[in-house]
Amino acid sequence: MLAIEDLNLKYGQSQILTGITLTAPVGQVTCVTGTNGVGKTSLMKAIAGRHPFSGGSITLDGTAIPPGRAAVAAKSGVGYVPQGREIFPLMTVEENLETGFACLPKSDRTIPDDIYDLFPVLAEMKSRRGGDLSGGQQQQLSIARALIARPKVLLLDEPTEGIQPNIVQMIGRTIQLLRDRGNLAIILVEQNFEFAYLNSDHFHIMQRGQVVDSVPKSHAKREDLLKALAL
């Protein structure tokens, strides 16, 4: 599993994250939620190696992930689906997927059939440029690209943002399927409360750069979670 212990992160002189401690077990969806500006995306970037943290530790299956080393994080098993998707608009769908090969040995550089089983629209549009896809199709492409590298933990940062309702439902079903396979830890950052509540197993509520409450869904009342997020 992924384990974060006493993580601190700064942007210049500004303290963004303070003492973040949480775990994300395999076979579960761990939701990190809170209002805008509490540090959720900064936390995801720290896990993915996109921003160096100034204290604490991140380990995956007991192996430390060094701060600010995105390539090392990816090779260690961190798959990242960033807010805004960040697909390559001038590259084809297939070429976008192949960028996920970078941290794999040459013998594993193939697109698994189950990628197209999860996202059939990508099989239909393999030769289309990424920039020609709709927002929902681009989100599917971004998730698929992260899965190409066979990650141990999948980071999903606001996967429903700006997506049409039918694709939101499809993404929810995909998250549940990936969780139920039992070989992947999923961390979901999501402000769509209904989506998060439906698809998550454990909630970490953030305020002002800190985790102020951690509760499994089985012990949480929907109304109490809503109240906490309104603070």
Side-chain angles (χ1 to χ4, degrees), residues 1-62 64-68 73 78-84 152-162 168 171-172 175-176 179 184-231:
M1 68 179 172
L2 183 85
I4 301 171
E5 184 70 31
D6 199 25
L7 188 76
N8 296 284
L9 184 148
K10 293 181 178 181
Y11 289 151
Q13 298 302 311
S14 299
Q15 187 78 32
I16 306 300
L17 302 176
T18 303
I20 299 289
T21 295
L22 61 85
T23 59
V26 169
Q28 290 190 25
V29 178
T30 301
C31 182
V32 177
T33 190
T35 56
N36 279 330
V38 298
K40 304 184 300 295
T41 292
S42 295
L43 174 60
M44 299 289 264
K45 287 182 176 180
I47 299 169
R50 289 197 173 191
H51 196 286
F53 47 91
S54 54
S57 65
I58 301 174
T59 59
L60 182 55
D61 288 346
I65 296 176
V78 178
Y80 183 39
V81 181
Q83 188 177 21
K152 299 175 182 178
V153 59
L154 180 66
L155 311 179
L156 299 170
D157 194 356
E158 301 283 3
T160 71
E161 185 178 44
V168 168
I171 290 173
I175 290 172
Q176 293 172 17
R179 174 196 61 196
L184 183 67
I186 300 172
I187 300 182
L188 172 67
V189 164
E190 185 57 66
Q191 289 201 91
N192 180 334
F193 178 79
E194 298 300 334
F195 181 87
Y197 188 75
L198 178 64
N199 293 294
S200 301
D201 301 295
H202 198 108
F203 294 87
H204 297 280
I205 299 171
M206 289 186 65
Q207 292 177 11
R208 298 180 181 178
Q210 297 177 300
V211 173
V212 297
D213 198 9
S214 297
V215 58
K217 182 178 179 179
S218 58
H219 289 69
K221 291 184 178 179
R222 182 180 178 280
E223 296 76 14
D224 292 341
L225 285 171
L226 271 172
K227 286 179 182 177
L229 293 175
L231 295 176

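None of these values were measured; they are calculated from a predicted model.
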Test side-chain contact (heavy atoms from CB on, under 4.5 Å), reference Ile187, set Ile47, Val29, Leu43, Leu154, output is Ile47
Closest contact, heavy atoms only, Ala73 versus Ile65: CB-CG2, 3.9 Å
Quick one: side chain to side chain donor-acceptor pair (under 3.5 Å) partners of Glu5, sequence neighbours excluded? none
State the CD1-CD1 distance between Ile4 and Ile20, to the nearest 0.5 angstrom. 8.0 Å
Has the side chain of Gln15 got a donor or acceptor atom that lies under 3.5 Å from a matching backbone atom of Leu17? yes
CG (Leu155) and CG (Leu2) are apart, to the nearest 0.5 Å, by 7.5 Å
Describe, in one word, how the ring planes of Tyr11 and His51 are oriented to each other, choosing from parallel (under 30°), tilted (30 to 60°) and perpendicular (over 60°). perpendicular
Main chain of His204, side chain of Ser214: is a donor-acceptor contact present, judged purely on distance under 3.5 Å? no
Without swapping roles, check the side chain of Thr18 against the backbone of Gln210 for a donor-acceptor pair under 3.5 Å. no
Heavy-atom side-chain contact between Lys217 and Leu225 under 4.5 Å: no
d(Thr160 OG1, Asn192 CG) to nearest 0.5 Å is 4.5 Å
Got Asp213 and Phe203 here, is their nearest side-chain heavy-atom distance under 4.5 Å? no
Give, for atom CD1 of Ile175 and atom OG of Ser200, the distance between the pair rounded to the nearest 0.5 Å. 7.5 Å
Under 3.5 Å, side chain of Lys40 to main-chain N/O of Gly34, donor-acceptor pair present? yes
So which atom in Ile16 and which in Ser42 form the shortest heavy-atom distance, rounded to 0.1 Å? CG2-OG, 3.5 Å
So does Ala3 get a backbone contact from the side chain of Thr23, meaning a donor-acceptor N/O pair under 3.5 Å? no
Heavy-atom nearest pair, Ala48 first then Val78, reads CA-CG1, 4.1 Å
Once you round to the nearest 0.5 Å, how far does NZ of Lys152 lie from CG of Leu60? 5.5 Å
Sorted by chain and number, sequence neighbours left out, salt bridge (charged side-chain N to carboxylate O under 4.0 Å, His left out) with Glu194 holds for Arg222
Would you find a donor on one side and an acceptor on the other, under 3.5 Å apart, between the side chain of Glu158 and the backbone of Gln191? yes
